[in-house]
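Chain A is the first sequence line, chain B the second, and so forth, proteins listed ahead of strands; every chain is numbered from 1.
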2 protein chains.
Amino acid sequence: MQSQRLPTLEDVARVAGVSRATVSRVVNGVRNVDPQLHEVVWSAVEQTGYVPNRLARSLVTRRSGTVALVVSDSETHDDDPFMSRFFADPYFGRVVGGLMSVLRPAGVQLALQMVGAEGHRRLVGDLRNGQADGAVVLSLPARDPLPGLLAEARIPAVLIGRPAEPLPISYVDLANETGAALAAECLVARGCQRVSMISGPADVPASQDRITGFHRAMARHGHAWVPSAAGNFTRESGEQAMRALLAEEPDGVFVANDLMALGALLVLRDAGKRVPEDVAVIGFDDSSAALAARPALTTIRHPLEDMAAEAAKLLLARVEDPAGRVSSVIYEPTLVRRQSA
Amino acid sequence: MQSQRLPTLEDVARVAGVSRATVSRVVNGVRNVDPQLHEVVWSAVEQTGYVPNRLARSLVTRRSGTVALVVSDSETHDDDPFMSRFFADPYFGRVVGGLMSVLRPAGVQLALQMVGAEGHRRLVGDLRNGQADGAVVLSLPARDPLPGLLAEARIPAVLIGRPAEPLPISYVDLANETGAALAAECLVARGCQRVSMISGPADVPASQDRITGFHRAMARHGHAWVPSAAGNFTRESGEQAMRALLAEEPDGVFVANDLMALGALLVLRDAGKRVPEDVAVIGFDDSSAALAARPALTTIRHPLEDMAAEAAKLLLARVEDPAGRVSSVIYEPTLVRRQSA
DNA sequence: TTGTACGCGTTATCAC
DNA sequence: GTGATAACGCGTACAA
């Protein structure tokens with residue numbers, strides 16, 4: 001049951017018998033300080049239990065020691081059609097984990113900022129006002145204006161996943177086309193003759209790249225036409241798409257993410273198809289779901305944690321030097337051979 | 001390429017031809033304002049593109065409009081043994097989603113605060129300094145001093161999961177014993193004679209409750225002894241535990257969470273056991289993993305999103321009225337019958 | 001109803 | 001090296 005008011009620099013100064021300027025210098029480790037006082041001040045800090053007020057500090061330094069994780073969704077949700085899906089998906093957690101692995105050692109905090117189109121102005125304002133030093137952006141909508149706004153406002157920002165259109169903003173991404181091509185090669189090498197694809201939404205960049213990458217690679221091997229069905233990256237939608245594709249009697253199917261692949265596996269199983277003997281299945285992401293599936297999912301590894309960590313590093317560097325070059329880091333996916341193909 | 005400096009209240013006041021106090025009142029919706037000026041001021045706000053500086057505002061109001069999601073881990077990690085596990089687990093995402101569902105409509109931001117024992121003092125200080133109005137605490141370690149510290153400092157806080165020892169702090173929890181008992185009843189009703197359990201870590205409250213609840217219920221039906229093996233809530237540990245338990249030749253097994261149950265299912269399958277004919281399996285949590293499993297997992301529903309949402313509500317209420325009663329909300333689990341039992 | 005003036009807790013720029 | 005003092009941007013008694 002301590003005093004309600006927290007000790008301030010002034011209080012510490014009084015106890016130490018110095019001015020608050022000196023205390024500030026000591027606390028912030030400025031060198032022009034008499035070692036004598038140094039001691040005195042620190043013990044006064046201990047004694048009073050002083051903790052610097054970050055708000056007050058940020059107000060003057062214009063540095064908050066915080067970065068924002070912006071989840072941009074831009075759609076208005078009646079109830080909860082998207083949010084619960086998004087957070088329950090391994091994607092979100094993997095990104096947070098990757099970010100934290102570099103942010104935490106750096107002593108930087110993470111603020112979660114879900115925002116729709118209505119909130120763009122406010123968000124940009126808050127960021128310019130110094131509420132956060134920069135932003136890592138998870139842009140979900142197809143043509144999201146937010147990345148452009150951030151670039152225009154010269155706010156240090158890094159996208160996870162390339163922007164829909166070229167923009168002076170840093171980003172990390174996966175070579176999605178390459179990944180899809182890897183899957184195609186594998187299927188072709190297996191001797192699959194009737195290959196189908198379950199894709200993600202047609203309007204998000206990562207999904208587009210997987211589609212074009214797969215089609216292009218298949219065409220290279222003479223398969224001009226690949227029957228496809230689109231899902232929305234959930235397991236349920238994967239089941240639905242697989243059911244629709246059953247009519248094509250495929251002997252191989254590439255699924256744009258593991259969750260949907262899981263759904264596909266279930267449908268195939270229920271349809272009496274053996275995997276991979278009757279139909280080979282390849283997923284995408286190498287999320288934990290892939291290992292848990294039976295048969296274990298052959299999939300394209302997507303090093304999301306590493307990518308998020310890199311995004312954090314890029315962002316911190318940009319905060320340090322805002323004039324630096326906008327850079328992009330593209331990760332190369334690899335094929336993880338397991339049992340489904 | 002706008003001016004680098006953002007407009008302040010003063011700038012808006014100049015444009016509107018009033019004092020900055022008036023602008024402040026208008027922006028904050030105080031009623032004593034001439035409708036005339038009201039208009040003038042708002043258009044000046046539009047014109048200048050003014051966005052209130054939350055830092056400055058918080059400094060004086062001592063309200064930040066932010067709550068902290070504190071992940072308390074207290075163990076020092078060499079590299080990353082725990083963090084990636086934790087974030088990849090559906091648990092984290094479900095909690096964030098639940099919190100957001102009430103925080104976002106309320107216009108409250110969420111700040112993620114991972115903190116070990118070294119950071120406790122700093123965290124409490126930051127919170128008392130008004131960096132956040134309150135905290136939702138995910139306390140992982142067995143005997144975590146943090147909840148006690150928060151209570152002592154009279155910081156509005158709500159725990160997800162009961163504290164290890166009684167404490168004047170609000171929390172939401174699941175009736176874990178009841179859930180475990182439900183599983184026991186189901187197994188007994190099936191006629192299982194050789195029942196085993198795969199538990200979580202022995203030192204975390206939720207895990208303990210599931211253990212005691214299960215044993216007690218089994219005892220009530222004459223089963224004094226239940227062979228057990230402990231895991232750490234990961235799928236891998238579930239596999240390990242199941243392998244160890246195979247020697248007991250169980251015809252029924254209760255697993256303390258779905259992820260481990262998934263692992264158990266895999267091991268049983270590889271061991272040539274049919275589920276549920278040879279051995280019935282019941283999981284816990286009803287996470288998305290349960291539906292994806294084959295056979296689909298019979299499990300105990302744990303309404304984590306609802307619980308997190310309730311935690312957010314309790315917290316906001318407490319922020320509003322810090323003198324209010326510390327309250328606990330206990331959710332009743334239910335049995336979700338699917339195919340594994 | 002509106003404006004003046006002070007304080008929130010820090011850091012930074014000066015003289016000393 | 002150290003101590004006043006002016007910002008930082010805002011809310012709000014208090015006075016008008």
**Q** Find the distance between CD (Glu310(B)) and CD1 (Ile160(B)) and round it off to the nearest 0.5 Å.
**A** 10.5 Å

**Q** Would you kindly give the CG-to-C1' distance between Leu55(A) and dT11(C), to the nearest whole Å?
**A**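 After rounding, the reported distance stands at 15 Å.
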
**Q** Salt bridge or not for Arg104(A) and Asp73(B), using N-O below 4.0 Å?
**A**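 Salt bridge between Arg104(A) and Asp73(B), a charged N being under 4.0 Å from a carboxylate O: yes.
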
**Q** Nearest heavy atom decides the nucleotide; on that basis, is Gly17(B) or Ala56(A) closer to the 5' end of DNA chain C?
**A** Gly17(B)

**Q** Determine yes or no for a side-chain-to-main-chain donor-acceptor pair under 3.5 angstrom, with Asp144(B) supplying the side chain and Leu146(B) the backbone.
**A** yes

**Q** Show each protein N/O and nucleotides 12-16 of chain C N/O combination with a separation under 3.5 Å, one pair to a line.
**A**
none

**Q** So that I can tick it off, tell me whether Glu10(A) and Arg5(A) are bridged by a salt bridge, with the cut-off set at under 4.0 angstrom between side-chain N and carboxylate O.
**A** no

**Q** Nearest-Å distance, CZ (Arg62(A)) to C1' (dT11(C))?
**A** 12 Å

**Q** Measuring from Ser139(B):OG to Arg162(B):CZ, what's the distance to the nearest 0.5 Å?
**A**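 One gets 11.5 Å once the value is rounded to the nearest 0.5 Å.
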
**Q** Would you say Ser19(B) reaches dG3(C)'s phosphate, i.e. side-chain N/O to OP1/OP2 under 4.0 Å?
**A** yes

**Q** Which is true for Leu37(B) with a 4.0 Å heavy-atom rule: it touches a base, it touches only sugar-phosphate, or it touches nothing?
**A**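 If one applies the 4.0 Å heavy-atom cut-off, Leu37(B) turns out to touch the sugar-phosphate alone, with no base involved.
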
**Q** Does Glu152(A) pair with Arg128(A) as a salt bridge, N-O distance under 4.0 Å?
**A** no

**Q** First and last nucleotide of DNA chain D touching chain B, 5' to 3', heavy-atom cut-off 4.0 Å?
**A**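 Range of nucleotides within reach of chain B: dG9(D) to dA13(D).
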
**Q** When rounded to the nearest Å, what value does the distance between P atoms of dA15(D) and dG11(D) take?
**A** 22 Å

**Q** Please give, in whole Å, the distance from dG9(C) P to Asp126(B) CG?
**A** 15 Å

**Q** Rounding to an integer number of Å, can you tell me how far Arg54(A) CZ sits from dT11(C) C1'?
**A**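 In whole Å, dT11(C) C1' and Arg54(A) CZ are 15 Å from each other.
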
**Q** Do you see a donor-acceptor pair shorter than 3.5 Å between the side chains of Ser64(A) and Asp133(A)?
**A** yes

**Q** Take the protein atom CZ of Arg57(A) and the nucleotide atom C1' of dC8(C), then report the distance between them rounded to whole Å.
**A**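 Whole-Å distance recorded here is 16 Å.
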
**Q** Looking only at side-chain N and O atoms, does Asn129(A) offer a donor or acceptor that is under 3.5 Å from a partner on Arg57(B)?
**A** no

**Q** Select from Leu59(B) and Asn32(B) the residue whose nearest nucleotide in DNA chain C is closer to the 5' end of that strand.
**A** Asn32(B)

**Q** Can you find a heavy atom in the side chain of Arg25(A) that is under 4.5 Å from one in the side chain of Val41(A)?
**A** no

**Q** Select base, sugar-phosphate, or nothing to describe what Leu9(A) touches, counting heavy atoms under 4.0 Å on all strands.
**A** base

